[in-house]
Amino acid sequence: MLNIVLFGPPGAGKGTQSEKLIAKYQLEHISTGDLFRKHLGEGTDLGKLAKKYMDEGHLVPDEVVIGMVDDKIKSSTSAKGFILDGFPRTVAQAEALDGLLEDKDMGISGMIALDVPEEELKERIRQRGKTSGRVDDQDEEKINTRIRVYNDETLPVASYYDAQGKLSTIHGVGSIEEIFGNICEVIDNY
Ligand code: AMP
């Protein structure tokens, strides 16, 4: 199976590249941000809980996220693998993910990190905010909080996979096709 963690700060292009990777490699998409937004839209208890954190740009507590991913993996019918987008975002989540996959005799093939300078990220998020309708894309302070949370809590996850020899970093500025090509090159060498 091909289980890929697509990693990077908010605005790095994870969603865009995920869509293309899913089409090419027939993977199932697990985007925890999308899953939370779906719950939010449906007004579930989980959505209401997550909203408090999401609107401020903070992380939803680990146990909530891990439970949701566990359900998603269990209910999956895909034989080819997963693309994990926006998860894991803490080392505790990465450890829990390894445990969930091990239980199913699966593992992570590799992490692909998209590297984008901070000013470019902020500009992309501001632009996306004009059409995404996302509260967390529209406020300068919330954008800054999300990038700070990424640097403080999420970046250590890259070291976690690096220590396992599973980290590849791709320059995330350029045309979508060019970046996609570079990502595919890494995947085709797994
Ligand atoms: P995203 O669409 O990936 O930028 O996620 C939007 C928001 O959902 C984040 O700012 C967090 O509040 C929450 N979220 C998404 N994924 C996670 C995760 N793995 N851990 C904690 N919070 C998350």
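Atoms within a ligand are numbered from 1 in the order they appear, just like the ligands themselves. Quantities reported herein were computed from a predicted structural model and do not represent experimental measurements.
- The shortest contact between atom 22 (N) of ligand 1 and any protein heavy atom is with Val60 N, 3.0 Å.
- Comment: Asp70 engages Lys74 in a salt bridge, judged by a side-chain N to carboxylate O separation of less than 4.0 angstrom.
- Of the protein's non-hydrogen atoms, Phe36 CE1, 3.9 Å is the one closest to atom 23 (C) of ligand 1.
- Looking at residues two or more places apart in sequence or on another chain, you find a side chain to side chain contact (heavy atoms under 4.5 Å, CB included) between Asn3 and Met1, Phe82, Met106, Ile108, Ser109.
- Between Lys122 and Glu140, no side-chain nitrogen of the basic residue sits less than 4.0 Å from a carboxylate oxygen of the acidic one, so the salt-bridge criterion is not met.
- With salt bridges taken as basic N to acidic carboxylate O contacts below 4.0 Å, none links Glu56 and Lys52.
- From the protein, the heavy atom lying nearest to atom 16 (N) of ligand 1 is Thr32 OG1, 2.7 Å.
- The nearest non-hydrogen atom to atom 12 (O) of ligand 1, considering only Glu56, Arg37, His58, comes from His58.
- A salt bridge does not link Lys80 with Glu28: none of the charged nitrogens is closer than 4.0 Å to a carboxylate oxygen.
- When each atom of ligand 1 is checked for a heavy atom of Gln93 under 4.0 Å away, the hits are 18 (C), 19 (N), 20 (N), 21 (C).
- Of all the listed residues (Lys14, Arg134, Arg89, Lys52), Arg89 holds the heavy atom that lies closest to atom 18 (C) of ligand 1.
- Below 3.5 Å of separation, one finds no N or O of Gly57 facing any N or O of ligand 1.
- Close approach of ligand 1 to Val65 (heavy-atom distance below 4.0 Å) involves ligand atoms 18 (C), 19 (N), 20 (N), 21 (C).
- For His29 and Asp85, the side-chain atoms include at least one donor-acceptor pair closer than 3.5 Å.
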